[in-house]
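Below you'll find the structure, written out as structure tokens, and then a few comments.
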2 protein chains.
Amino acid sequence: MSGRTWGGTTLADRKAVRRQQLLIAALELVGEAGMAGVSVRAVCRTAKLTERYFYESFADREELLVAVFDQVSAEAAVALFEAADIGGGTEAVAKAAVAAFVELIVDDPARRIVLLAAPLSEPALARRQTELLPRFISVVQGQAPGSMSAQEREMGALAVLGALQSLFLAYVDGRLTVGRDALVSYCVRMLISAYRVGSRMGITD
Amino acid sequence: MSGRTWGGTTLADRKAVRRQQLLIAALELVGEAGMAGVSVRAVCRTAKLTERYFYESFADREELLVAVFDQVSAEAAVALFEAADIGGGTEAVAKAAVAAFVELIVDDPARRIVLLAAPLSEPALARRQTELLPRFISVVQGQAPGSMSAQEREMGALAVLGALQSLFLAYVDGRLTVGRDALVSYCVRMLISAYRVGSRMGITD
DNA sequence: CTTTATTGACTACGACTGTTGTCAATCCTA
DNA sequence: TAGGATTGACAACAGTCGTAGTCAATAAAG
């Protein structure tokens, strides 16, 4: 049965192709109309597939969104790892990674929405992002000081993520009027110093 | 004409009452179904008013949302100012304010969504929040160091806002498993040290 | 009582949604 | 060629949406 073909391809291959078509269509819709533009019918319409094929790969919209997020995240991770692979100290690495990320989100509205904005309004993506967060953070921060508890580390990562999301989204919205270099520089410094919040107990003003 | 009454009240008064009914209905819908639950028809249904009265006070959904945001923000600001009005140093003030804010958002899901989550998915609210941000931040941070540029101050405020949003939303979602005291403590330290990022030029690791 | 303003309950337009089923046409294998 | 799998194009159900107009009933003032 699995060897049977249609148009020269197996059913498994056709399913994989259709699945990818749906992911691409969803990302395209995000870019055009934001997350609200991603409905089952809209995605199928854009992919030129009937709704039957949606349910071939995804139980519901949420499952599709998570798959889109995973795919875009994986691409972003590759870009970050490549940008950070320049050797040098923590600051140089952080700067390269942040600059690469700023370029990615400025240049690609759809991916920006998926990576930064969507997790803020889609609970499933927020959870997924939280799961993947340590991986992204580790690119630029290396090892946390041993004195930090797991909780401090967790809070630090979430705080950094929130801060970056806020800054980047404000920057592209025009709510933050600074140059790109200043933004990158600030983010780098923030990333590097983030552990200081947690690593210095008993701070007084 | 303005003195003419209906049921003992003037037209202006009735308009004000209906407007408030719509605001209350919107907040109630937020609590039940998130921002997606707030449509013109749903709000009017909940307020038991016909759609005509929606357009009496608001041009569209966005204008209603901004009004809801403004009202909830004003209430939150009062709560923060009262909590912070305890005298003492910056840390004590910050702690009181953060603890009060955490209590507010944990106890009131609708207000939490309006204050923290909605600005992340509704552009008009993001802009409004950016405008009001300096006011909230000033409660707990007093004056920024004179050495900071306006840009650094702006970025610092946005970073802090994003960090707090991220931490609080993760906390109430169960994505961040720490105690409330640990969260408050971390946020206070972060708030107090946020200016250090900007105030120390040329940080090296 | 007459006139005007206000209210409440619809209708209309032109779409949209998620999910599932039906049926005819096409393709493939034996 | 026959049988079964696959495809493509719908229809169906039961709703939803934003915006504006219509009309009868009610209220108020002179």
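Protein chains get the first letters and strands the later ones, always in sequence-line order, with residue 1 at the start of each.
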Just the rounded figure in Å: distance from P of C:dC16 to CG of A:Leu29. 13 Å

Within the structure shown, what part of the strands sits under 4.0 Å from B:Arg61 by heavy-atom distance: base, sugar-phosphate, or nothing? nothing

Taking B:Asp181 for its side chain and B:Val184 for its backbone only, find out whether a donor-acceptor pair lies under 3.5 Å. no

Under 6.0 Å between ring centres: does that hold for A:Phe101 and A:Phe136? no

From C:dT20, C:dT7, C:dC27, nucleotide with atom closest to A:Arg4 side chain: C:dC27

Tell me which of B:Gly7 and B:Tyr55 sits closer to the 5' end of DNA chain D, going by the nucleotide each one is nearest to. B:Tyr55

If each of B:Tyr53 and A:Arg41 is mapped to the nucleotide of DNA chain C with the nearest heavy atom, which maps nearer the 5' terminus, i.e. the 5' end? B:Tyr53

Would a distance-only check, ignoring hydrogens and angles, find a side-chain to backbone donor-acceptor pair under 3.5 Å from B:Gln21 to B:Ala47? no

Specify the separation, in whole Å, of atom CG of A:Leu49 and atom C1' of D:dA9. 13 Å

Separation of atom CZ in B:Phe54 from atom P in C:dG8, rounded to whole Å: 18 Å

Taking atom P of D:dG18 as reference, at what distance in whole Å does atom CG of B:Leu22 sit? 13 Å

For atom CH2 of B:Trp6 and atom C1' of D:dA25, their distance in whole Å: 9 Å

Which nucleotide in D:dC17, D:dC10, C:dA9 has an atom nearest any side-chain atom of B:Arg45: D:dC17

Rounding to an integer number of Å, can you tell me how far B:Lys48 NZ sits from C:dC10 C1'? 18 Å

N/O (side chain, A:Thr5) to phosphate O (OP1/OP2, D:dT6) under 4.0 Å: no

Between B:Glu131 and A:Arg175, is the closest basic N to carboxylate O distance under 4.0 Å? no

One thing to verify: whether A:Arg111 and A:Glu75 come together as a salt bridge, which I'm taking to mean a side-chain N less than 4.0 angstrom from a carboxylate O. yes

Please give, in whole Å, the distance from D:dA9 P to A:Glu51 CD? 12 Å

For A:Asp13 and D:dT6, what is the distance between atoms CG and P respectively, to the nearest whole Å? 13 Å

Which residue, A:Arg52 or B:Asp60, contacts DNA chain D at a nucleotide closer to its 5' end, judged by nearest heavy atom? A:Arg52

NA contact type, B:Ser39, heavy-atom cut-off 4.0 Å: base, sugar-phosphate, or nothing? sugar-phosphate

